[in-house]
Peer 1: 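So that we are looking at the same thing, I have put the structure below in structure tokens.
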Amino acid sequence: MSPQLEVQLIAVIVATTCTLPGVFLVLRRMAMLSDAISHTVLLGIVLAYLISNSLTSPLLFIGAVAMGVITVWLVELVSGSRLVHEDSAIGLVFPALFALAVLLISRFAGNVHLDTDSVLLGELAFAPFDRIVFFGLDLPRALVGGIGTLILNLTLLLLFYKELKLVTFDPALAATLGFTPTLIHYGLMTSVSLTAVTAFDAVGSVLVVALMIAPPATAYLLTDRLPRMIVLSVAIGIAAALSGYWLARLFDVSIAGMMATMTGVAFLGAFLFAPRRGIVAQVRQQQINRERFALQMLTLHLLNHEGTGNAGVECHPHHLIEELRWPASFAVTIVRRAEQKGLVQRQGELLILTEQGRQFADAAIVA
Amino acid sequence: MELFADYTLRTVTIGAMLLGAISGFLGCFAVLRRQALLGDAMSHAALPGIALAFLLTGQRDPFILFVGAASAALLAALWLLVVVRTTRIKDDAALALILAVFFGFGLVLLSYLQRQPNAAQAGLKSFLFGQAAALIERDLWAMLAVGVPALALVLIFWPQVKLVTFDPDFARSIGLPVRGFDVLLNVVMVAAIVIGIQTVGVVLMSAMLVAPAVAARQWTNRLETMVVLAAGFGALAAMAGAWLSTLGEGLATGPLIVLMMSLVTVLSLVFAPGRGLLWRNLRRRQVLQAS
């Protein structure tokens with residue numbers, strides 16, 4: 001494989017791996033924990049490095065995953081004391097642990113590969129240089145790690161899909177049925193930590209947050225069904241990863257940063273143009289509702305006054321401006337729409353309901 | 001004290017203390033209004049603003065970078081508000097998303113800048129973790145120029161700000177422009193962030209807002225006391241951090257300030273009279289023995 005292809009493959013796998021637990025973080029309103037975890041795993045790595053004095057020791061990996069889970073536990077401990085709200089608890093715990101990690105690095109490990117910039121930013125372009133031999137195949141370490149975590153996440157998802165779904169959407173029911181939400185919660189958090197550790201090695205901690213949260217949030221605007229949301233999230237994550245990679249190459253800029261930017265572009269797209277929940281669709285729907293309501297008002301008004309003594313005044317278009325308090329331009333538009341739809345007809349100066357218009361007004365009363 | 005004798009050291013210490021006091025004061029509102037993580041998101045989001053301001057002007061003037069940082073942070077806050085109001089995305093997901101995307105875009109701009117032959121861009125990366133040691137007197141004046149008006153704004157509207165913080169529904173019912181004050185409080189928070197980015201960096205800035213406020217909250221139930229205490233804790237932790245960083249090689253000021261601040265917070269959570277964990281346990285034991 002060429003290094004280019006390897007980098008893209010790593011990007012795709014990391015995107016998929018991050019997205020899977022991310023869906024549940026978004027649905028369970030715990031998205032900011034991903035931010036906390038992806039920063040604090042650094043402390044786990046540093047501590048394990050200082051103990052083992054090696055950058056390849058498996059202790060680093062274990063330490064990082066453990067620190068992710070410890071972060072969640074600490075946040076719950078602090079907010080559980082009920083002296084601090086949960087958001088403040090997150091804002092207290094992770095900067096403290098991260099600051100400790102940065103300090104330890106700058107004090108004791110400044111001259112080794114562990115530098116804070118690469119942890120925060122990651123450099124995907126260098127991933128192919130760090131290789132290991134796996135079952136006789138010479139592969140980038142990040143690729144092997146990514147595939148391993150992906151398989152694990154997929155397995156966990158398939159095994160505990162039902163439980164995850166139940167705990168996510170109805171924790172109270174899950175508890176009464178005898179599932180322990182705490183167990184599922186910590187299981188999910190372990191998976192998030194594991195994913196953050198494998199991913200941030202390649203792409204940096206901030207991109208981990210982008211890939212975990214942005215694709216599921218985008219998918220959440222597009223569908224109401226969990227399976228569809230998972231598949232869509234993965235697809236969006238992969239699309240952002242690949243487009244980010246190629247744009248980064250085109251402009252010769254940070255790959256991880258560009259991938260994060262593309263997840264944002266994807267979200268912005270859905271935010272504006274999602275079929276039902278997008279801004280454009282919402283505004284369009286409001287216009288439709290408004291016009292429909294105005295047509296109902298118009299036909300009801302005409303229905304009330306048709307055949308009465310003062311029909312000559314009440315059914316005159318100018319009267320609408322006074323009676324319904326419509327601005328003149330709006331009244332003209334609505335009358336024209338009503339004529340187009342065959343709800344009213346002009347008879348000299350006056351507006352007369354058609355048969356269709358009468359039915360439309362009747363339907364409005366019933367509704 | 002030697003801290004104030006040496007010129008560089010004095011600048012760093014005074015800068016850090018200014019930052020600690022201002023962000024401690026303004027952070028109280030973020031914590032009380034349960035927007036602690038908004039500070040985190042906004043400070044990350046300031047990164048592309050800094051890079052863009054530099055890209056457009058080619059200068060490292062603190063005021064120009066302040067303007068860039070503040071505009072990006074406010075844009076992020078605005079987008080956040082719109083996303084939460086108009087879609088079903090909850091604020092945690094919106095925060096994480098906006099934080100990561102803005103920061104990612106900031107990295108794109110930084111990596112682009114680093115290929116430019118302009119030597120002045122060299123230190124831009126220091127905005128990630130801050131570089132307190134690089135503070136010069138000019139930066140202190142810039143901090144004051146941003147911080148003092150922000151504090152003054154809050155003090156001028158003190159009764160209204162207090163009401164909006166504790167009981168927004170009541171404030172609305174008596175005709176206060178609650179949304180206007182929301183914006184005001186976000187703007188002053190951005191002021192604190194902008195001041196802090198250079199010293200502690202975008203990643204650790206949120207701690208400067210949250211930790212002093214949480215610590216101060218444990219000691220008092222009065223907002224007036226709380227903001228003064230928070231400002232004091234912030235300044236104290238900043239001074240301690242700045243001092244500790246002079247003791248040895250490789251002791252970065254930003255992380256040390258944050259750690260000192262966290263230490264003050266932990267001590268407050270445990271020992272604060274009345275609310276603290278120690279007192280609560282003592283009281284529980286007394287109740288158990290009495291019964």
Side-chain angles (χ1 to χ4, degrees), chain A residues 25-26 29-35 39 78 81 83-85 87-88 90-92 95-96 98-103 106-108 110 116-117 120-121 204 206-214 216-217 220-221 248 251-254 256-261 263-265 267 271 274 277 279 282, chain B residues 31 34-37 39-40 44 82-83 86-90 92-112 115 125 128-129 203-207 209-211 213-214 217-218 248-252 254-259 261-262 265 269 275-277:
Chain A
L25 286 178
V26 169
R29 304 187 191 178
M30 294 172 173
M32 280 309 274
L33 279 179
S34 70
D35 183 39
H39 282 91
V78 173
S81 73
L83 297 173
V84 182
H85 291 301
D87 63 326
S88 296
I90 296 177
L92 277 179
F98 190 68
L100 189 59
V102 173
L103 197 68
S106 67
R107 180 83 173 129
F108 299 110
T116 40
D117 281 8
L120 210 57
L121 321 180
V206 175
L207 181 59
V208 172
V209 179
L211 285 176
M212 274 192 184
I213 306 303
Y220 197 34
L221 294 178
F251 296 110
D252 190 15
V253 291
S254 152
M258 206 59 186
M259 281 162 66
T261 308
T263 62
V265 171
F267 179 77
F271 171 65
R277 303 183 189 283
I279 294 289
Q282 283 184 27
Chain B
V31 167
R34 304 196 191 176
Q35 291 186 328
L37 293 174
D40 190 34
H44 277 80
V82 175
V83 167
T86 59
T87 70
R88 57 172 171 174
I89 306 286
K90 299 296 176 295
D92 66 306
L95 279 169
L97 186 145
I98 285 167
L99 174 158
V101 169
F102 270 71
F103 191 78
F105 186 57
L107 292 186
V108 169
L109 292 177
L110 273 190
S111 59
Y112 175 78
R115 287 188 296 107
K125 251 194 173 167
L128 294 178
F129 297 107
V203 183
L204 295 174
M205 185 51 218
S206 67
L209 288 166
V210 178
V214 169
R217 174 69 188 89
Q218 311 310 320
E249 195 104 328
L251 291 170
L256 268 173
I257 295 176
V258 170
L259 278 178
M261 204 52 259
S262 309
T265 312
L269 284 173
R275 263 173 83 98
L277 294 173

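Chain letters run A, B, ... following the sequence lines, proteins first and then strands; every chain starts at 1. Predicted model, so just to flag it, every value in this text is computed and none were measured.
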Peer 1: Select one option (side chain, backbone, both, neither) describing which atoms of A:Asp35 are under 4.5 Å from chain B's heavy atoms.
Peer 2: side chain
Peer 1: Taking the side chain as everything from C-beta on, heavy atoms only, tell me whether A:Leu207 gets closer than 4.5 Å to B:Leu107.
Peer 2: no
Peer 1: May I ask you to test the A:Val84-B:Gln218 pair for a side-chain heavy-atom distance under 4.5 Å?
Peer 2: yes
Peer 1: Using side-chain heavy atoms (C-beta onward) and a distance below 4.5 Å, is B:Val83 in contact with A:Phe267?
Peer 2: yes
Peer 1: Is it the backbone or the side chain of A:Met30 that comes under 4.5 Å from a heavy atom of chain B, or both, or neither?
Peer 2: backbone
Peer 1: Is it the side chain or the backbone of A:Ile279 that comes within 4.5 Å of chain B heavy atoms, both, or neither?
Peer 2: side chain
Peer 1: Looking at B:Gly254, B:Ala211, B:Ala94, B:Gly104, which makes the most heavy-atom pairs under 4.5 Å with chain A?
Peer 2: B:Gly104
Peer 1: With sequence neighbours excluded, what pairs up with B:Arg34 under the side-chain hydrogen bond (donor to acceptor under 3.5 Å, both in side chains) test?
Peer 2: A:His85
Peer 1: With a 4.5 angstrom heavy-atom cut-off, which part of A:Tyr220 approaches chain B: side chain, backbone, both or neither?
Peer 2: both
Peer 1: Can you list the residues that meet the side chain to side chain contact (heavy atoms under 4.5 Å, CB included) rule with A:Ala99, with sequence neighbours excluded?
Peer 2: B:Leu204, B:Pro255, B:Val258, B:Leu259
Peer 1: Can a donor-acceptor pair be found, under 3.5 Å and without considering hydrogens, that links the side chain of B:Ser111 to the backbone of A:Val253?
Peer 2: no
Peer 1: Side chains of A:Phe271 and B:Val82: closer than 4.5 Å at any heavy-atom pair?
Peer 2: yes
Peer 1: Could you state the interatomic distance from OG1 (B:Thr87) to CD (A:Gln282), rounded to the nearest 0.5 Å?
Peer 2: 8.0 Å
Peer 1: Any non-hydrogen side-chain atom of B:Asp40 less than 4.5 Å from a side-chain atom of A:Met32?
Peer 2: yes
Peer 1: Considering only heavy atoms, which portion of B:Thr265 lies under 4.5 Å from any heavy atom of chain A: side chain, backbone, both, or neither?
Peer 2: side chain
